[in-house]
There are 4 protein chains.
Amino acid sequence: MARKVGPQGARTAAVIRDAGLTLIARHGYEAMSLRQLAAEVGLRPASLYNHFETKQDLLFDLVRDHLVDLLGRTDAALEAAGPRPLERLLAFVANHVLYHLDKKREVTIANLELRSLEPRNLDAAMALRRSYEDRLIAVLDAGAAAGAFAVGETRVVAYATLAMLTGACTWYRPGGRLSEADMVRLHADLVLGGLGVATTDAARTGGARPPGPDKPKLVARN
Amino acid sequence: MARKVGPQGARTAAVIRDAGLTLIARHGYEAMSLRQLAAEVGLRPASLYNHFETKQDLLFDLVRDHLVDLLGRTDAALEAAGPRPLERLLAFVANHVLYHLDKKREVTIANLELRSLEPRNLDAAMALRRSYEDRLIAVLDAGAAAGAFAVGETRVVAYATLAMLTGACTWYRPGGRLSEADMVRLHADLVLGGLGVATTDAARTGGARPPGPDKPKLVARN
Amino acid sequence: MARKVGPQGARTAAVIRDAGLTLIARHGYEAMSLRQLAAEVGLRPASLYNHFETKQDLLFDLVRDHLVDLLGRTDAALEAAGPRPLERLLAFVANHVLYHLDKKREVTIANLELRSLEPRNLDAAMALRRSYEDRLIAVLDAGAAAGAFAVGETRVVAYATLAMLTGACTWYRPGGRLSEADMVRLHADLVLGGLGVATTDAARTGGARPPGPDKPKLVARN
Amino acid sequence: MARKVGPQGARTAAVIRDAGLTLIARHGYEAMSLRQLAAEVGLRPASLYNHFETKQDLLFDLVRDHLVDLLGRTDAALEAAGPRPLERLLAFVANHVLYHLDKKREVTIANLELRSLEPRNLDAAMALRRSYEDRLIAVLDAGAAAGAFAVGETRVVAYATLAMLTGACTWYRPGGRLSEADMVRLHADLVLGGLGVATTDAARTGGARPPGPDKPKLVARN
DNA sequence: CATGAATGAGAATTCATTCAT
DNA sequence: AATGAATGAATTCTCATTCAT
């Protein structure tokens, strides 16, 4: 009854996007051919055009959806973190790290393939990315104003922090010695250290943890 | 080592490499065509083959030369820094930041185009890169052993640090408000903070800095 | 004759044919895609196939219907013109010119797209076209036999005349300075002149016309 | 020594143009594929691009060269014809007919494929064509002013005349009963008749013919 | 050392058409 | 009747590369 791939076109479109995500992340946008993509999803190249209009459109879709998703989750995390700067920062860091470890492909594409976007699409993507950066900058500024962080150049700190946190997804291998929670913790320590905040247990993953007796840093000393 | 070049062939080869650096950094290896490159240097595509054997060879040359250069400078900087962990770390940071700000194109290519290298070439490049990472890891380990740094997971800290420092070259614009020395200082502070080393606040440019005796800056020689 | 059309299917089919007429006349048969045609009539490409079997069929339909229509009108005009050669010729000319000015699209297609017809269809179209040419040849021959016209090579004169008359529809713009009646008159004069028939000067619009008694115009009924 | 087609690239380019002329005239621009063209000249499709930049460029080249050629020959013919309107007209007619019979392919393309030209190229082609039409219009106007021709609407007469004369090349078959000279004569008679000029031998092909005894019209009375 | 010409492979995309729903 | 999805065949054109000159 069904032809080949399954029930519906929407399903096929999702499969295509997923395969595109993988292939573009692995080989790069320019290096991925639509033949490859079609083969990956069991279609003929021409059939892809029932699901997107252009290779470029596919790329932009992936980038934009990722950025919108990231932004949405970040706002939710910040909302849940409440008003205190430290907890907001920790929420940001935790969200960023977890998202980046989970969505390695999306992140890779959004970071490496901006140069493959047409000007129009690049503008849109950059605007979203700037929005995201602004979230962190706002957190840092609020913390600095409240005297919670020692932030020199906010912008520099923000960019450096984002670069550091994002880098994690290029080398982290799930299932290894380090859990995702470890990654969050380790990176939170580095960030807080850079901001002159003595890192203690109080500042941890979910941020929702009630304060308690000061425990020694979790990170091993070696 | 020398190709089939005569008197001014070496000059032409250098011009080609420079143009290649620019074009690959801007558009990506896959997206740069040899037609473009030839046009850029005022040759016909066929003539390029008097100066390299393959597009892939050109890429690898650029990547390898960059990595070798970086490694050499790093070793020189470490040597000059003497035996003390803190100074060695600061030397590493300063060298890394300055090199990355100066060699934006090389760095971009080496970071983004590894996936365009053929397996053989990739292996060689990765080996060099790992050598470089090992320099930092060694510095951190030494510092941890000496009790100078609070390093949790050395490897994580090293990768995170490198990601942070490298990120600078993606957004830094020379001639702007921040000098290269500023960049070194700001990043050194972040790194040291992350390692639990109290940094002088002299390094904080704009922040709400707690008053205190002006101590000499830790970093920013060169 | 009827296709697989229901109640309003006939209407849709007519709309499609009309849009096809416009698009083929404007862009040419090869250059018009069924996507374009479908879009023009607010359908999806697949739906067109409820109204014709093949793009080629659509073309042939348009060509054949046009030729049949032209032939029918010509015969009616000749019938109405009576037996006298001059009046028959004028009737032919008037009919041809008026038809060609009114049915620019059909005429364009029938003249330019014969080469796009499959052999079978081409044969049919050529047969119809030859029938049409034969009407004029017969008129000329009759006139020559009656001594009314000075026809050298009948066939040459016929083809030349048809080319001249048909050409009108490539440059005539309705609503301009010249009415359709003007066009008929002007062309009739040229044709008659070429046949050695003295034409009334009433038909000369702007020229340096030698004075003479105003005679009724020969042409331009209808 | 030579690869395949012959001595030089210029030769190959000429061969390509000639084959293009034939194929486009026969099948139409849209219907001719570059594969076909390449096969015709014994090249691979990719090799064609060593000789032109674009299929469209090839088309425009053919059209423009033809129009420039036609214009040049016309001016030469008019120059040779001297100042007298009748002889100028006859020279124009003779030149037009002979050129059109000889360059059937070029003429066909220039007439049918204007719609395949991109706007920019279309403009250029139209300007040339208008120049050509203007040559005839000028001849007619001069003749009308001198009282030599009875021209009603100059423009209409010019267009009708051109259409008639051009039409010849769509049906004329060289080697048939009619020579090219016959074609010239027959069409000259039609044109002159349309202009109210009694056609006699005096008005013939090259115009250079010395006057002699008045012979009856050449065209048979059928 | 540079180049014109050629080429095999492959790129993205379009096309007319089919068919189950 | 209309359509979404699929497809084989074909389109123009680009690419890295070669080689005789």
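All values below come from the heavy atoms of this structure, side chains included, with hydrogens, waters and symmetry mates left out. Predicted model only: the values in this text are computed from it and were never measured. Each chain gets a letter, A, B and so on, in the order its sequence line appears, and its residues count up from 1.
DNA chain E is contacted by B:L43, B:R44 of residues 35-44 of chain B, taking any non-hydrogen atom closer than 4.0 Å. Near DNA chain E, defined here as any heavy-atom distance below 4.0 Å, the residues from residues 14-33 of chain A are A:M32, A:S33, listed numerically. The stretch residues 49-63 of chain D comes close to DNA chain E through D:N50, D:H51, each having a heavy atom under 4.0 Å from the strand.
Within the structure, every pair that satisfies the salt bridge (charged side-chain N to carboxylate O under 4.0 Å, His left out) test and touches residues 111-128 of chain B, not counting sequence neighbours, is listed here: A:E113-B:R115, A:R115-B:E113.
Shown here are the side-chain contact (heavy atoms from CB on, under 4.5 Å) partners of C:D69, two or more places apart in sequence or in another chain: C:R73, C:Y99, C:K103. The side-chain contact (heavy atoms from CB on, under 4.5 Å) test applied to B:L128 returns B:R64, B:L67, B:V68, B:L71, not counting sequence neighbours. Remark: C:Q56 pairs with C:N121 by the side chain to side chain donor-acceptor pair (under 3.5 Å) rule, at least two apart or across chains. Residues passing the side chain to side chain donor-acceptor pair (under 3.5 Å) test with C:R35, sequence neighbours excluded: none. Listed by chain and residue number, nothing satisfies the side-chain contact (heavy atoms from CB on, under 4.5 Å) test with C:A46 (two or more places apart in sequence, or in another chain). Applying the side-chain contact (heavy atoms from CB on, under 4.5 Å) test to C:N111 and every residue at least two apart in sequence or in another chain returns C:V107, C:R129, C:T166. Residues satisfying the salt bridge (Lys or Arg N to Asp or Glu O under 4.0 Å) test with D:R17, not counting sequence neighbours, are D:D61, D:D65.
Remark: P of E:dT17 and CG of C:L48 are 10 Å apart, rounded to the nearest angstrom. Rounded to whole angstrom, the span from the CG atom of D:L34 across to the P atom of E:dT7 amounts to 15 Å.
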Strand DNA chain E in bracket notation, Watson-Crick/G-U under 3.5 Å with | for pairs to another chain: .||||||||||||||||||||
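With hydrogens and angles ignored, the 3.5 Å screen pairs no side-chain donor or acceptor of B:K55 with any backbone N or O of B:S33. Side chain of A:T108 to backbone of A:K104: a donor-acceptor contact under 3.5 angstrom is found.
Among the nucleotides F:dT12, F:dT7, E:dT3, the one closest to the side chain of A:A46 is F:dT7. Looking at the side chain of D:T12, the nearest of the listed nucleotides E:dA2, E:dA6, E:dA16 is E:dA6.
Remark: A:T12 OG1 to A:L43 CG distance equals 6.5 Å, nearest 0.5 Å.
Contact detail for B:G20 and B:L62: the closest heavy-atom pair is C-CD1, 4.2 Å.
An OP1 or OP2 oxygen of E:dT3 is reached within less than 4.0 angstrom by a side-chain nitrogen or oxygen of B:S47.
Between A:Y29 and the options A:L59, A:L117, A:L58, A:V63, a side-chain contact (heavy atoms from CB on, under 4.5 Å) holds for only A:L59.
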